[in-house]
Amino acid sequence: MATCLVVANSLFRPPKPILPHKHLPLQPISSHSLPKSPLNSNFLKPHFSHSDSCRVRFIAPASLGETDASSDEPLPLVGEDSAAFDLGTQNIVSWVYFTIILGVVLFVLDVIWIDNSTGFGKAFIDAVSTLSDSHEIVMLALILIFATVHSGLASFRDMGEKHLGKRAYRVLFAGVSLPLAVSTVVYFINHRYDGVQLWQLQNGPGVHQLVWLSNFISFFFLYPSTFNLLEVAAVDQPKVHLWETGIMRITRHPQMVGQVIWCLAHTIWIGNSVAVAASVGFIGHHLFGVWNGDRRLAIRHGEAFEVVKKRTSIIPFAAILDGRQKLPKDYYKEFIRLPYLAITAMTLGAYFLHPVMQAASFRLHW
């Protein structure tokens with residue numbers, strides 16, 4: 001419901017002549033002539049301002065999610081507070097289960113997929129490589145396979161959870177998506193310098209610093225899944241969350257923004273056709289995820305999602321700049337939380353472990 005403005009302005013009315021009138025005797029007011037219920041003072045609020053003319057503005061209460069451009073105060077949340085982590089409410093047993101499950105998953109992944117002597121990972125890469133001698137085509141094919149399976153399973157989540165249960169479907173989703181993701185990343189690492197060199201900027205002034213900073217920032221957008229790690233591992237019952245604070249105030253689709261930043265940084269640094277092909281594939285997948293993600297959230301959360309959608313934007317900072325998103329005065333506190341500290345540690349660790357990751361990928365010969 002739009003905000004209702006009723007303005008009465010006496011400036012544009014001609015003055016009325018003063019006419020003689022009769023003095024009528026005052027009549028007593030009967031209690032029956034009073035309204036049975038008083039007006040709700042919160043419904044119509046007159047706002048008076050001093051000006052040359054008398055103006056009276058009545059503002060009806062806004063419906064859920066509407067913003068008042070004249071107010072600097074943030075509106076109450078209808079979504080969830082992202083990255084909220086209360087150490088006092090954590091169950092130590094749940095985190096023990098998470099650690100065990102993570103170890104089991106990594107062991108099984110190594111046996112059935114990564115280890116060339118027992119797994120199917122190399123056979124899968126070899127099969128896809130038969131499509132073309134071009135590393136760019138193979139790279140795009142691997143991304144397409146992963147994107148189809150990953151987004152497809154996400155799209156059928158409601159139906160799958162109905163038949164299998166939420167935890168069982170999460171196990172299926174991760175069990176199929178994770179090996180395909182590993183294959184795609186390993187192939188990119190092994191063949192990132194096999195394409196046609198298009199430019200060489202690695203020795204340019206400030207390029208390394210720009211690329212490093214861009215990659216560091218991208219991980220704060222890429223991994224909002226750290227908000228609910230126990231659900232990722234199906235220790236807690238998985239949910240479709242409607243996050244609204246933290247990074248979500250900047251963009252409603254942080255994974256897409258993070259992927260774009262990551263791809264641009266790596267493409268600038270590597271500067272060849274394989275990097276360009278990988279970036280086109282990854283960004284294309286995440287752009288589809290923008291549409292698909294909004295569609296799924298609208299189905300799951302209905303009007304609440306429409307409210308969050310009005311307050312947020314796909315393009316970073318757009319909702320903040322046009323006034324739809326009102327940042328709290330202590331907005332920075334939404335980032336001083338354990339999940340974001342975990343992202344910082346993970347990002348720095350990934351940077352320093354790049355040589356280890358590259359050596360491990362090379363040994364697979366994928």
Side-chain angles (χ1 to χ4, degrees), residues 2 62-69 74-84 143-144 146-148 150-155 157-158 177 213-228 239-268 276 278-328 331-332 334-335 339-340 343 347:
S63 63
L64 180 65
E66 287 199 18
T67 60
D68 186 352
L75 294 169
L77 298 179
V78 297
E80 297 179 64
D81 186 13
S82 61
I143 295 174
L144 180 62
F146 167 76
T148 302
H150 187 79
S151 295
L153 288 174
S155 299
R157 178 173 179 172
D158 289 342
S177 299
L213 183 61
S214 299
N215 277 285
F216 184 82
I217 293 173
S218 74
F219 277 78
F220 284 90
F221 290 88
L222 267 173
Y223 291 103
S225 58
T226 53
F227 298 161
N228 56 329
K239 302 174 184 176
V240 178
H241 291 275
L242 184 62
W243 306 117
E244 193 179 356
T245 62
I247 201 72
M248 301 297 174
R249 296 186 189 272
I250 297 175
T251 171
R252 190 169 66 252
H253 290 281
Q255 285 185 287
M256 179 275 295
V257 173
Q259 187 67 73
V260 170
I261 296 173
W262 186 93
C263 285
L264 291 178
H266 279 76
T267 302
I268 290 173
V276 171
S279 294
V280 169
F282 285 133
I283 293 175
H285 175 216
H286 282 75
L287 289 177
F288 171 79
V290 169
W291 171 82
N292 197 36
D294 278 356
R295 180 187 67 84
R296 293 171 56 225
L297 287 173
I299 294 172
R300 181 64 64 99
H301 294 284
E303 184 182 356
F305 169 70
E306 296 302 325
V307 172
V308 173
K309 185 177 180 180
K310 290 178 182 178
R311 297 178 183 176
T312 56
S313 61
I314 297 174
I315 299 174
F317 300 103
I320 298 174
L321 294 176
D322 65 23
R324 289 181 290 121
Q325 175 64 240
K326 305 292 185 181
L327 295 180
Y331 173 58
Y332 68 93
E334 294 181 357
F335 288 91
Y340 286 114
I343 292 175
T347 304

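Predicted model, so just to flag it, every value in this text is computed and none were measured. Numbering of residues begins at 1 and proceeds along the displayed sequence.
Arg295 is listed as a side-chain neighbour of Ser155, based on a closest heavy-atom distance under 4.5 Å. Between Ser218 and Gln259 there is no side-chain heavy-atom pair separated by less than 4.5 Å. Ile247 places a side-chain heavy atom less than 4.5 Å from the side chain of Phe335. Val240 places a side-chain heavy atom less than 4.5 Å from the side chain of His301. Two residues are said to be in side-chain contact when any heavy atoms from C-beta on lie closer than 4.5 Å; His266 and Asn215 meet this criterion.
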Derivation of the salt bridge (Lys or Arg N to Asp or Glu O under 4.0 Å) call for Asp294 and Arg252: CA-CA 9 Å; Asp294 278 356; Arg252 190 169 66 252; 3.0 Å; yes
Could you walk me through whether Thr245 and Tyr331 pass the side-chain contact (heavy atoms from CB on, under 4.5 Å) test, one step at a time? CA-CA 9 Å; Thr245 62; Tyr331 173 58; over 6 Å; no
Could you go through the side-chain contact (heavy atoms from CB on, under 4.5 Å) check for Phe221 and Val260 one step at a time? CA-CA 10 Å; Phe221 290 88; Val260 170; over 6 Å; no
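When all heavy atoms of Phe282 and Cys263 are compared, the closest pair comes out as CB-SG, 3.7 Å. Heavy atoms only, all atoms of each residue included: Ala83 and Tyr340 are closest at CB-CE1, 3.5 Å. Scanning all heavy atoms of the two residues, the minimum distance from Glu334 to Pro328 falls at OE2-CG, 4.0 Å. What you find for Thr347 and Phe219 is that their closest heavy atoms are OG1-CB, 3.2 Å. Closest approach of Glu306 to Ala298, counting heavy atoms only: OE2-CB, 4.1 Å. Across every non-hydrogen atom of Arg311 and Leu77, the tightest pair is NH1-CA, 4.0 Å.
Atom OG of Ser313 is separated from atom CG of Leu321 by 8.5 Å, given to the nearest 0.5 angstrom. Taking CZ of Phe216 as the start and CD1 of Ile261 as the end, the distance is 12.5 Å to the nearest 0.5 Å. How far CE of Met248 is from NE2 of His241: 10.5 Å, rounded to the nearest 0.5 Å. The line from OG1 of Thr148 to CZ of Phe288 is 8.5 Å long, rounded to the nearest 0.5 Å. Here Leu297 contributes atom CG and Asn292 contributes atom CG; the two are 9.5 Å apart, rounded to the nearest 0.5 Å.
Distance alone, capped at 3.5 Å, is enough to place a donor-acceptor pair between the Thr251 side chain and the Ile314 backbone. Remark: side-chain polar atoms of Arg324 are paired, donor with acceptor, to backbone N or O of Thr312 under 3.5 angstrom. With His286 contributing its side chain and His253 its backbone, the two residues share no donor-acceptor pair below 3.5 Å. Between the His150 side chain and the Phe146 main chain, no donor and acceptor come within less than 3.5 Å of each other. Glu244 places a side-chain N or O within donor-acceptor distance of the main-chain N or O of Val78, the cut-off being under 3.5 Å.
Under a cut-off of 6.0 angstrom, the local environment of CD1 in Ile315 is sparse, with at most 12 non-hydrogen atoms contributed by other residues, nucleotides or ligands.
Inspection of the His285 and Ser151 side chains reveals an N or O donor paired with an N or O acceptor under 3.5 Å.
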